[in-house]
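Just the heavy atoms: all of them, side chains too, but no hydrogens, waters or symmetry mates, feed the values below. Below, chain A is the first sequence line, B the second, and so on; all start at residue 1. The shown structure was predicted, so the numbers you read here are calculated from the model rather than taken from an experiment.
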Number of protein chains: 2
Amino acid sequence: MKTKQETRPSTSERILSATLRLMSEKGYRSVTVKQIAAEAGFSEMTVFRTFGSKKAILDRLIENYLYNPPAEKTIRDRLTYDLETDLLMLSEFYHETVAATEQIYLLSVMERSVMPDLHVNIHNNATKFTDIVADYLRTMQEQGKAVKGDPFVQAATLMYFNYGKFATYTMLPRADRLKNLQAAVAVIARGLAV
Amino acid sequence: MKTKQETRPSTSERILSATLRLMSEKGYRSVTVKQIAAEAGFSEMTVFRTFGSKKAILDRLIENYLYNPPAEKTIRDRLTYDLETDLLMLSEFYHETVAATEQIYLLSVMERSVMPDLHVNIHNNATKFTDIVADYLRTMQEQGKAVKGDPFVQAATLMYFNYGKFATYTMLPRADRLKNLQAAVAVIARGLAV
DNA sequence: GAAGCGTGTTAGTAAGCAGTAACATTATAG
DNA sequence: CTATAATGTTACTGCTTACTAACACGCTTC
């Protein structure tokens, strides 16, 4: 535990972020420890001294992710109960959240057959988010502010859209991740309005 | 060229499909030639005799895909110019098309840093499909049967949704790929109706 | 300045894997 | 039945890569 003052990242932190950067691009097997060391700015020996094995670095990455789950805290406080406003806010929040863990997402996709738990975990987080949106839509239906229908299917419509957009821009990096998000959400909001 | 009568697949065909099956799960590097041989029901030697190298199998797979592009033929003929009907038909057609090439899709995702061309090619096919939907929506707008707006953004809304659904079920295989497709498309169709 | 810690360097081992060579066996066609 | 094509078996080479051992260097701290 260092002082809270942000200093130069530690050796293990630099190795971890280098590993994540490389493996989210090429996958576990294609990345060599030598490449990790070079990316982190150390010698290969230091990597082995710090983590013991290549596998241990990956394990630590996943452990770190699982212990710092994407925060879903205070979205509910920000609801205005105006349909389009809220759906846009929820979508923007989703994109912020997943953008922060997109490298872990890519890794989980590429190594899904080796570490199915991680991939399922990430999927479950998305489902949780969909549940929140579904809860919201149920409330809106009760208030006569949203069209009647299965709220989970309605929420999933929005979330599959958001996921499709996220995945596209994550695997094919370009600018403008959120380009046209407002206009697209407006279409869905209109489809859900009364 | 054998007779047209469908016989037992040839050696090279069996090796190719075994390779695609394995590599779409684990990626190029994690699959050994020995595993390919076992999956195809041959000895390792036969694989090398047939293709010369591991890389050559992959090259052939991609070549086959590029020479048999997903057919987009006669969708336009099937349009009814009823918004929801057509958007559902287009979505179903999209899912049929991509389901047929989902293994190539998975491979292109996992090897995207090694073969960016394939990944971009697949993305371009999706964009072409979006263009078709956008053309359709433009026509519908002109006929006063769809709400005014940028038709490409409208089409992309539907297609990001479809892609999100496809990707979810492809990377996390379960039954019911098209479950709730109709209800979800109905939401989007409602958002696009006049 | 001595001790200890973090890091680098060099050399090496062991395992896995792509690919080759040579010969044996089985299946198929004429 | 025989010749040929397809496939199997075994043994091997060479390369890559995870990982270890041993020693050297420099920086901080007391």
J.: Applying side-chain hydrogen bond (donor to acceptor under 3.5 Å, both in side chains), name anything that partners A:Thr32, two or more places apart in sequence or on another chain.
T.: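 Scan of A:Thr32 (side-chain hydrogen bond (donor to acceptor under 3.5 Å, both in side chains), adjacent residues dropped) gives none.
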
J.: Could you list the residues that satisfy salt bridge (charged side-chain N to carboxylate O under 4.0 Å, His left out) with B:Arg60, not counting sequence neighbours?
T.: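 With neighbours one apart ignored, the set is empty.
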
J.: Who passes side-chain hydrogen bond (donor to acceptor under 3.5 Å, both in side chains) against B:Asp59, sequence neighbours left out?
T.: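 B:Asp59 satisfies side-chain hydrogen bond (donor to acceptor under 3.5 Å, both in side chains) with B:Lys55 once adjacent residues are dropped.
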
J.: With B:Asp86, which residues qualify under side-chain hydrogen bond (donor to acceptor under 3.5 Å, both in side chains), at least two apart?
T.: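 Only B:Thr80, B:Tyr136 meet the side-chain hydrogen bond (donor to acceptor under 3.5 Å, both in side chains) criterion with B:Asp86.
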
J.: Could you tell me how the ring of B:Tyr169 sits relative to the ring of A:Tyr160: parallel (under 30°), tilted (30 to 60°) or perpendicular (over 60°)?
T.: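 Tilted, since the angle between the ring planes falls between 30° and 60°.
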
J.: If hydrophobic residues (ILVMFWY) are linked whenever their side-chain heavy atoms come closer than 4.5 Å, directly or via other members, who joins B:Val153 in its cluster?
T.: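 Hydrophobic cluster check, B:Val153: no partners found.
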
J.: Check whether more than 12 heavy atoms from other residues, nucleotides or ligands sit under 6.0 Å from atom NZ of A:Lys54, and answer yes or no.
T.: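 Counting other residues, nucleotides and ligands, NZ of A:Lys54 exceeds 12 neighbours.
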
J.: Strictly by salt bridge (Lys or Arg N to Asp or Glu O under 4.0 Å), give each pair with a member in residues 28-46 of chain B just once, sequence neighbours left out.
T.: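 For residues 28-46 of chain B, and leaving out neighbouring residues, the salt bridge (Lys or Arg N to Asp or Glu O under 4.0 Å) pairs sorted by first residue read B:Arg21-B:Glu39.
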
J.: What residues from residues 11-34 of chain A pass a heavy-atom cutoff of under 4.0 Å to DNA chain C?
T.: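 Hits under 4.0 Å, by residue number: A:Thr11, A:Arg29.
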
J.: Tell me, for nucleotides 8-15 of chain D in 5' to 3' order, what letter each nucleotide earns: B for a base near a protein heavy atom under 4.0 Å, S for only sugar-phosphate near one, - for neither?
T.: BB------

J.: Tell me who clusters with A:Leu172, hydrophobic residues only, linked when side chains sit under 4.5 Å apart either directly or through other members.
T.: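 Once heavy-atom contacts under 4.5 Å are chained together, A:Leu172 belongs with B:Val120.
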
J.: Going by the side chain to side chain contact (heavy atoms under 4.5 Å, CB included) test, name the single residue among A:Leu88, A:Leu87, A:Leu83, A:Asp82 that passes it with A:Thr85.
T.: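 Considering A:Leu88, A:Leu87, A:Leu83, A:Asp82, a side chain to side chain contact (heavy atoms under 4.5 Å, CB included) with A:Thr85 is found only for A:Asp82.
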
J.: Which residues pass the side-chain hydrogen bond (donor to acceptor under 3.5 Å, both in side chains) test with A:Ser12, not counting sequence neighbours?
T.: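 Partners of A:Ser12 by the side-chain hydrogen bond (donor to acceptor under 3.5 Å, both in side chains) criterion, ordered by chain and then number, come out as A:Ser10.
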
J.: Could you list where the contact with chain A starts and ends along DNA chain C, reading 5' to 3', using a 4.0 Å heavy-atom cut-off?
T.: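 Result: C:dT7 to C:dC17.
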
J.: Which parts of residues 51-58 of chain B get close to DNA chain C, meaning a heavy atom less than 4.0 angstrom away?
T.: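 Going residue by residue through residues 51-58 of chain B, the ones with a heavy atom under 4.0 Å of DNA chain C turn out to be B:Gly52, B:Ser53, B:Lys54.
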
J.: Report yes or no: do A:Glu25 and B:Ser113 form a side-chain donor-acceptor pair below 3.5 Å?
T.: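 Note: A:Glu25 and B:Ser113 side chains miss the donor-acceptor criterion.
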
